[in-house]
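The structure appears right after this line, and notes come after that.
Just so we're clear, the structure is a prediction, and the values are computed from it rather than from any experiment. FYI, side chains are in, hydrogens and waters are out, and symmetry mates aren't considered; it's all heavy atoms of this structure. In what follows, chains are A, B, ... by sequence order, proteins preceding strands, each numbered from 1.
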Number of protein chains: 2
Amino acid sequence: MTRKGKDTNTESKILDAARQVFIEKGLAGARMQDIADRAEINKAMLHYYFKNKEMLFELIFRETAGKLFPHFEMLLDSDLGFFDKIRSIVSSYIETMVQNPYLPLFVMNEMNKNPEIGMKNFFEAQKPGFVKKFRASIEVSIQEGLIQPINPLHLIMNMFSMCAFPFIAKPMIKLLTGIEDEQFRNLMDQRKVLVAEFIINSIRK
Amino acid sequence: MTRKGKDTNTESKILDAARQVFIEKGLAGARMQDIADRAEINKAMLHYYFKNKEMLFELIFRETAGKLFPHFEMLLDSDLGFFDKIRSIVSSYIETMVQNPYLPLFVMNEMNKNPEIGMKNFFEAQKPGFVKKFRASIEVSIQEGLIQPINPLHLIMNMFSMCAFPFIAKPMIKLLTGIEDEQFRNLMDQRKVLVAEFIINSIRK
DNA sequence: GTCTATATTCAGATAGAC
DNA sequence: GTCTATCTGAATATAGAC
């Protein structure tokens, strides 16, 4: 692990480079040469540290997929009110993607294009407990008469759709609207509150 | 065009095969051999009919991108009320994707991974008039006091997000919820009305 | 651990017979 | 128009010196 220092350094330089290239190009589009260049080493080193392209990819994918739903369970377990839970999840989720705009498309795309690899590693990376918790929380709120009846699955889908999709569709949005990166960024900042209120507005009684 | 018959037949067999393979695997992941196999011809034929892989891809991409927003302008020009316009756009959009589940991810992904190719061909395929029309229609509805004030861009993003994202996230949704294809299909059918009402509920005064 | 050189495999593209 | 055989280049992976 941290035995030498030089080793670890090279290894982490490779991982950093691989993360960049895989997330930007995907498994099929990534080139080992490209990863080597960005890590400022040569191709042989890649295979010295990691058996092959696929192994390296799985590592990056698992790590990335693990970041997709950060600390949501914690938020759901907190003693915030239901609406505030929605507000905080939406806000922190969009912020995560402002920081890593490629993240949602990368994960979705690889799970579609490489089902075996994707499924296996996503499953290992993800603690899917938060979905169950979220559903329960929604059902309770319905029982309490706080919100209108709705299939929890649809509500969850609506929420993550509105958070994630704009990042996936960014190039299309820029083309259709003529906006630039900075304006896009502003829009996404606005959505941190807008999306939550849009949802709450719709379901509150 | 329709000169011979055999020619046209081979050409359209290639296009059918290419559509399948490109949409499923993407430009980087697609193999000419794979396309040839599905078209039940050999690789040489591909290059006889189409100069190279990229040309063939651009053709398919342009054609596909053109299907992304079907007859929305017509709907927006109709004399339906604003809410009914939303209802019909949502419904027909989701139906389009029930028919072609790979469509949204394919277009979004290629525009991200191959910006030059994507941008150029998307632009040619798309009449972006409907966005302007939609924005205007929303602004009028706000002026009339029919709906609450909202940045039209956000409303449009919300709408298409909720329509398209579940298809992009399908493998993840199946994994996180444990549902199967048939149930997924049912959920999407439900969303044809649910999403529209969710939106209307949120913005109506 | 790191490098250069090389092997190997794969995929896009072409030549040329029919 | 269609096919078989082949070329070429690219990309992954390995051998072996230092």
Side-chain angles (χ1 to χ4, degrees), chain A residues 1-61 106 109-110 113-114 116-118 121, chain B residues 1-62 109-110 113-114 116-118 121:
Chain A
M1 271 270 193
T2 46
R3 214 167 24 126
K4 285 277 171 55
K6 200 94 181 280
D7 309 3
T8 310
N9 191 33
T10 299
E11 189 172 319
S12 71
K13 279 201 310 188
I14 293 177
L15 287 172
D16 287 344
R19 201 173 296 119
Q20 287 176 40
V21 175
F22 279 130
I23 289 182
E24 190 180 325
K25 303 280 182 65
L27 172 57
R31 295 292 164 254
M32 295 295 264
Q33 184 63 60
D34 196 357
I35 295 174
D37 290 346
R38 294 208 206 188
E40 294 177 301
I41 53 158
N42 57 56
K43 275 188 295 177
M45 287 269 76
L46 291 182
H47 291 91
Y48 176 78
Y49 279 93
F50 303 94
K51 182 171 168 52
N52 56 33
K53 187 184 178 184
E54 192 169 304
M55 293 291 175
L56 185 51
F57 174 80
E58 291 194 40
L59 220 64
I60 298 296
F61 180 84
F106 171 65
N109 192 46
E110 299 304 325
K113 300 282 161 63
N114 315 97
E116 314 79 26
I117 301 179
N121 291 284
Chain B
M1 272 274 194
T2 47
R3 212 165 26 123
K4 287 276 170 58
K6 199 89 182 284
D7 308 3
T8 310
N9 191 33
T10 299
E11 190 172 318
S12 71
K13 279 200 312 187
I14 293 177
L15 287 172
D16 287 345
R19 202 174 296 120
Q20 286 177 39
V21 175
F22 279 131
I23 289 182
E24 189 180 327
K25 303 281 181 65
L27 171 57
R31 296 291 166 255
M32 293 297 264
Q33 184 63 59
D34 197 357
I35 294 174
D37 290 346
R38 293 210 206 186
E40 294 178 302
I41 52 158
N42 56 57
K43 273 190 296 177
M45 287 271 75
L46 290 181
H47 291 90
Y48 176 78
Y49 279 93
F50 303 93
K51 184 172 166 53
N52 55 35
K53 187 184 178 184
E54 192 169 304
M55 293 291 174
L56 186 51
F57 174 80
E58 291 194 40
L59 219 65
I60 298 295
F61 179 84
R62 214 174 311 140
N109 191 46
E110 299 304 325
K113 300 281 161 64
N114 314 98
E116 314 79 26
I117 301 179
N121 291 284

Working to the nearest 0.5 Å, report the span between [atom1] of [X] and [atom2] of [Y].
X	Y	atom1	atom2	value
A/Leu27	A/Lys113	CG	NZ	11.0 Å
B/Asn109	B/Ile23	CG	CD1	12.5 Å
B/Leu59	B/Ile14	CG	CD1	11.0 Å
A/Thr10	A/Tyr48	OG1	OH	10.0 Å

Applying a 3.5 angstrom cut-off to the pairing atoms, does DNA chain D sit in any stems of at least three consecutive Watson-Crick or G-U pairs? List them by first number. C:1-18 with D:1-18
Sub-3.5 Å pairs of nitrogen or oxygen atoms, protein against nucleotides 6-9 of chain D:
none

Any pair with a residue in residues 17-33 of chain B that passes salt bridge (charged side-chain N to carboxylate O under 4.0 Å, His left out), sequence neighbours left out, goes on the list, sorted by first then second residue, please. B/Asp16-B/Arg19, B/Arg19-B/Glu63, B/Glu24-B/Arg38, B/Lys25-B/Asp34
Can you list the residues that meet the side chain to side chain donor-acceptor pair (under 3.5 Å) rule with A/Lys53, with sequence neighbours excluded?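 A/Lys53 satisfies side chain to side chain donor-acceptor pair (under 3.5 Å) with no other residue.
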Atom-pair distance ([atom1] on [X]; [atom2] on [N]), nearest Å:
X	N	atom1	atom2	answer
A/Glu40	C/dC3	CD	C1'	16 Å
A/Asn52	C/dA7	CG	P	22 Å
A/Tyr48	C/dG1	OH	P	4 Å
B/Glu11	D/dT2	CD	P	10 Å
A/Asp37	C/dC3	CG	C1'	15 Å
A/Asn42	D/dA13	CG	C1'	13 Å

Sole candidate of B/Glu11, B/Met32, B/Glu58 that passes side-chain contact (heavy atoms from CB on, under 4.5 Å) when paired with B/Phe50: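 With B/Phe50 as partner, B/Glu11, B/Met32, B/Glu58 yield a single side-chain contact (heavy atoms from CB on, under 4.5 Å), made by B/Glu11.
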Scan residues 11-36 of chain A for pairs that pass ring-ring contact (aromatic ring centres under 6.0 Å, His included), counting only residues two or more places apart or in two chains.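 Sorted result for residues 11-36 of chain A: A/Phe22-A/Phe57.
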Using the test side-chain contact (heavy atoms from CB on, under 4.5 Å), find all partners of A/Asp37 that sit at least two apart in sequence or belong to another chain.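 Result, side-chain contact (heavy atoms from CB on, under 4.5 Å) vs A/Asp37: A/Gln33.
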For a quick test of your reading: what N or O donor-acceptor pairs under 3.5 Å do the side chains of residues 39-46 of chain A make, sequence neighbours left out?
residue: A/Asn42; atom: OD1; partner: A/Ala44; partner atom: N; Å: 3.2
residue: A/Asn42; atom: OD1; partner: A/Met45; partner atom: N; Å: 3.2

Closer than 4.0 Å, any side-chain N/O of B/Thr10 to the OP1 or OP2 of D/dT2? yes
Measuring from the side chain of B/His47 (C-beta onward, heavy atoms only), which nucleotide among D/dT2, C/dT14, C/dT2 has the closest atom? C/dT14
Side chain of A/Ala44 only, heavy atoms from C-beta on: which candidate in D/dG1, D/dT12, C/dC3 is closest?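 Of D/dG1, D/dT12, C/dC3, C/dC3 is nearest to the side chain of A/Ala44.
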B/Ile117 and B/Glu110: CA distance, side-chain angles, deciding distance, side-chain contact (heavy atoms from CB on, under 4.5 Å) verdict: CA-CA 8 Å; B/Ile117 301 179; B/Glu110 299 304 325; over 6 Å; no
Quick check on contacts: within residues 26-35 of chain B, what sits under 4.0 Å from DNA chain D by heavy-atom distance?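 Per residue number, the list is empty: none.
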